[in-house]
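Beneath this line is the structure, given in structure tokens, with notes to follow.
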Protein chains: 2
Amino acid sequence: MLDTTFDALPTDGALRRHAMERSGEGQAGSRRTGTVGFRPLYRQVYDTLLKRLADAVWQPGQILPSEGQLAAELGVSQGTVRKALDALTADSLLVRRQGRGTFVADHDDKQSVFRFLKLRPDGDGTGMPTSRVTGIAEAAASADERGRLDLVRSARVVRIERVRAVDAKLCVVETISVAAGLFPGIAQIELPNTLYSLYATRYGITIATANERLKAVALGPREAELLQVPAGTPALEIDRVAIDLEERPVEWRLSTCLTQDIHYLSVLR
Amino acid sequence: MLDTTFDALPTDGALRRHAMERSGEGQAGSRRTGTVGFRPLYRQVYDTLLKRLADAVWQPGQILPSEGQLAAELGVSQGTVRKALDALTADSLLVRRQGRGTFVADHDDKQSVFRFLKLRPDGDGTGMPTSRVTGIAEAAASADERGRLDLVRSARVVRIERVRAVDAKLCVVETISVAAGLFPGIAQIELPNTLYSLYATRYGITIATANERLKAVALGPREAELLQVPAGTPALEIDRVAIDLEERPVEWRLSTCLTQDIHYLSVLR
DNA sequence: GAGTGGTCTAGACCACAGA
DNA sequence: CTGTGGTCTAGACCACTCA
């Protein structure tokens, strides 16, 4: 009932009124789902705005309407909009700047490069990464790829192999797999250093989170050759699955990293 | 001025009034520090409550006064107290339970064990860790220890060496260094599996964050012997500095982990 | 000076837990 | 039934940015 009201009236803008109406709707919802059917208003605002971001209604870097305008459009109070905007900001999807406005997070800028890159130089360097693609091909998805990316048996993937340097120091070789259906033509594009901004701008796929599993391994012969060190050298293996705004696993990335001059930084709170 | 007012009137409870008085004080503050001297009220409430937690005024697991009581005591509105409590909750220092109250986070319970332990079994297991101390001694701080723990040249440390198992599978050997002065008598105590709850209950030191630097290394002979694998086996080295509520580095921990059956889990947002 | 986000208040009602 | 945290509103003022 709550969601119906919400979805059924997108054109007139009002999510739903508070107070009396809300009370009635809340009880109806409770009857339907026990007592767990309650979804706060700001959560619905969050979802609305999230959908607009996922649908690229607003482009990265672009300014959003002010809190007051959004509140009026959605038929809720400014405080409720604020709570939703704060939540989206906490999820790194928006950036708020006092006195200026609220903007769609631009994951192309310098500070955002490191959101998903935890490799840092041991010493002082900036840690800026560079990349060189060493291979790219389309193929039938392997069992591993189907498992990581939640693909059907007949699915095809594009595999990208590249080497990366941090502060001009060669130290990473990685294989990236994405579903061919989600990223049409990606094998024919000149790939940028930061793939996730390409996903966002060209394919409308925004990476929201990533799960990384780290292990220590001995370098195999191919990786050793690419990194120009002896086979068997200990290396850090990072197995990453990147998740988009709609909670789909959209990229699997297996990176093998030399850690002589760099380390993986993890901050626990 | 802001802080003076705040610190000078702890007994009458009022932080400071809003509106007119605040405006005047704010301007005075601005004159002193340019325009950056502004500290929001809820931030001061946060600091007050944080200090009480650091001073162990409230014990772990204990219930705090209700929002209304705290608001009345501190002379601010309930909404301001709420904002401070929410921030403390986000920092994992409090736990809020609707209908029951706000509690001091108890980092002894099962879910909190994993806040600072990112090693997980590859398969299904619970991942519960166990420990066995293999050595403990007091000594003069090494250069590394002085650097990590910010100690003076003459400082002494207590070093704890132990091996750990995850799901009964031996996989970690680690050396823990703490300043002897901060943890008097710790070398004579029967050490629990979860050291951080000991730090909190016996020494009033609450670990708030930890910075971990990960590298892949080849096992040295001593570690290899303790872990019963060949020397040279690739292993994950975790170099952790734990920071307490007052932002002091209080523990340095160097762990060497076999990753045949476990991995290090890192969630990026 | 106008417009934006940030803070603070006061008061209402809702969901939840427990006596 | 009472008390707690959770949500929502309305309105005020503050700090910041920029034309």
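Residue A:Arg100 places at least one side-chain N or O under 4.0 Å from the OP1 or OP2 atom of D:dC18. For the OP1/OP2 pair of C:dC8 and a distance below 4.0 Å, the side-chain nitrogens and oxygens of B:Ser77 include no atom meeting the criterion. Between B:Arg97 and C:dC16, a side-chain N or O to OP1/OP2 separation shorter than 4.0 Å is absent.
Scanning residues 61-69 of chain B for heavy-atom distances under 4.0 Å to DNA chain C yields an empty list. Listed by residue number, the members of residues 78-94 of chain B with any heavy atom below 4.0 angstrom from DNA chain C are B:Thr80, B:Lys83.
Across the protein-nucleic acid pair, B:Leu74 atom CG and C:dT9 atom P stand 11 Å apart, rounded to whole Å. Distance, B:Phe103 CZ to C:dA17 C1': 10 Å, rounded to whole Å. Spacing between atom CD of A:Gln98 and atom P of C:dT7 amounts to 7 Å, rounded to whole angstrom units. One atom, CZ of B:Arg96, and another, P of C:dC16, lie 16 Å apart when rounded to the nearest Å. Regarding A:Leu41, its CG atom lies at a distance of 12 Å from the P atom of C:dA15, rounded to whole Å. Look at CZ on B:Arg39: it is 15 Å from P on D:dA15, rounded to the nearest Å. Here the P atom of nucleotide D:dC13 and the CZ atom of B:Phe38 are 15 Å apart, to the nearest Å.
The side-chain contact (heavy atoms from CB on, under 4.5 Å) with A:Tyr199 is formed by just one residue from the set A:Thr194, A:Leu182, A:Ile186; it is A:Ile186.
Residues that satisfy the side-chain hydrogen bond (donor to acceptor under 3.5 Å, both in side chains) test with A:Asn193, not counting sequence neighbours, are A:Ser131, A:Arg164. With sequence neighbours excluded, no residue satisfies salt bridge (charged side-chain N to carboxylate O under 4.0 Å, His left out) with A:Arg100. Scored by the side chain to side chain contact (heavy atoms under 4.5 Å, CB included) test, A:Arg120 finds A:Phe114, A:His263, A:Leu265 as partners (sequence neighbours excluded).
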Contacts under 3.5 angstrom, residues 57-66 of chain A side chains, donor-acceptor by atom type, not counting sequence neighbours:
{"residue": "A:Gln59", "atom": "NE2", "partner": "A:Ala56", "partner atom": "O", "Å": "3.1"}
{"residue": "A:Gln62", "atom": "OE1", "partner": "A:Gln59", "partner atom": "N", "Å": "3.0"}
{"residue": "A:Ser66", "atom": "OG", "partner": "A:Gln69", "partner atom": "N", "Å": "3.4"}

Quiz: residues 238-245 of chain A side-chain donor-acceptor pairs under 3.5 angstrom, not counting sequence neighbours:
{"residue": "A:Asp239", "atom": "OD1", "partner": "A:Arg148", "partner atom": "NE", "Å": "3.4"}
{"residue": "A:Asp239", "atom": "OD1", "partner": "A:Trp252", "partner atom": "NE1", "Å": "2.9"}
{"residue": "A:Asp239", "atom": "OD2", "partner": "A:Arg148", "partner atom": "NH2", "Å": "2.5"}
{"residue": "A:Arg240", "atom": "NE", "partner": "A:Glu212", "partner atom": "OE2", "Å": "2.7"}
{"residue": "A:Arg240", "atom": "NH1", "partner": "A:Tyr196", "partner atom": "OH", "Å": "3.0"}
{"residue": "A:Arg240", "atom": "NH2", "partner": "A:Phe116", "partner atom": "O", "Å": "2.3"}
{"residue": "A:Arg240", "atom": "NH2", "partner": "A:Glu212", "partner atom": "OE2", "Å": "2.9"}
{"residue": "A:Asp244", "atom": "OD1", "partner": "A:Glu246", "partner atom": "N", "Å": "2.9"}
{"residue": "A:Asp244", "atom": "OD1", "partner": "A:Glu247", "partner atom": "N", "Å": "3.1"}
{"residue": "A:Asp244", "atom": "OD1", "partner": "A:Arg248", "partner atom": "N", "Å": "2.9"}
{"residue": "A:Asp244", "atom": "OD2", "partner": "A:Arg248", "partner atom": "NE", "Å": "3.0"}
{"residue": "A:Asp244", "atom": "OD2", "partner": "A:Arg248", "partner atom": "NH2", "Å": "2.8"}

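For the pair A:Lys118 and A:Tyr264, the cation-pi test (distance below 6.0 Å, angle within 45°) is failed.
Legend: salt bridge (Lys or Arg N to Asp or Glu O under 4.0 Å) pairs involving residues 85-94 of chain A, not counting sequence neighbours, sorted by first then second residue: A:Asp86-A:Arg96. Within the structure, salt bridge (Lys or Arg N to Asp or Glu O under 4.0 Å) contacts touching residues 52-66 of chain A (residues at least two apart or in different chains) are A:Lys51-A:Asp55, A:Arg52-A:Glu73.
Across C:dT7, D:dT9, C:dG6, the shortest atom-to-atom separation from the side chain of B:Pro40 is found for C:dT7. Considering only the side chain of B:Tyr42, C:dT7 comes nearest among C:dG6, D:dG5, C:dT7.
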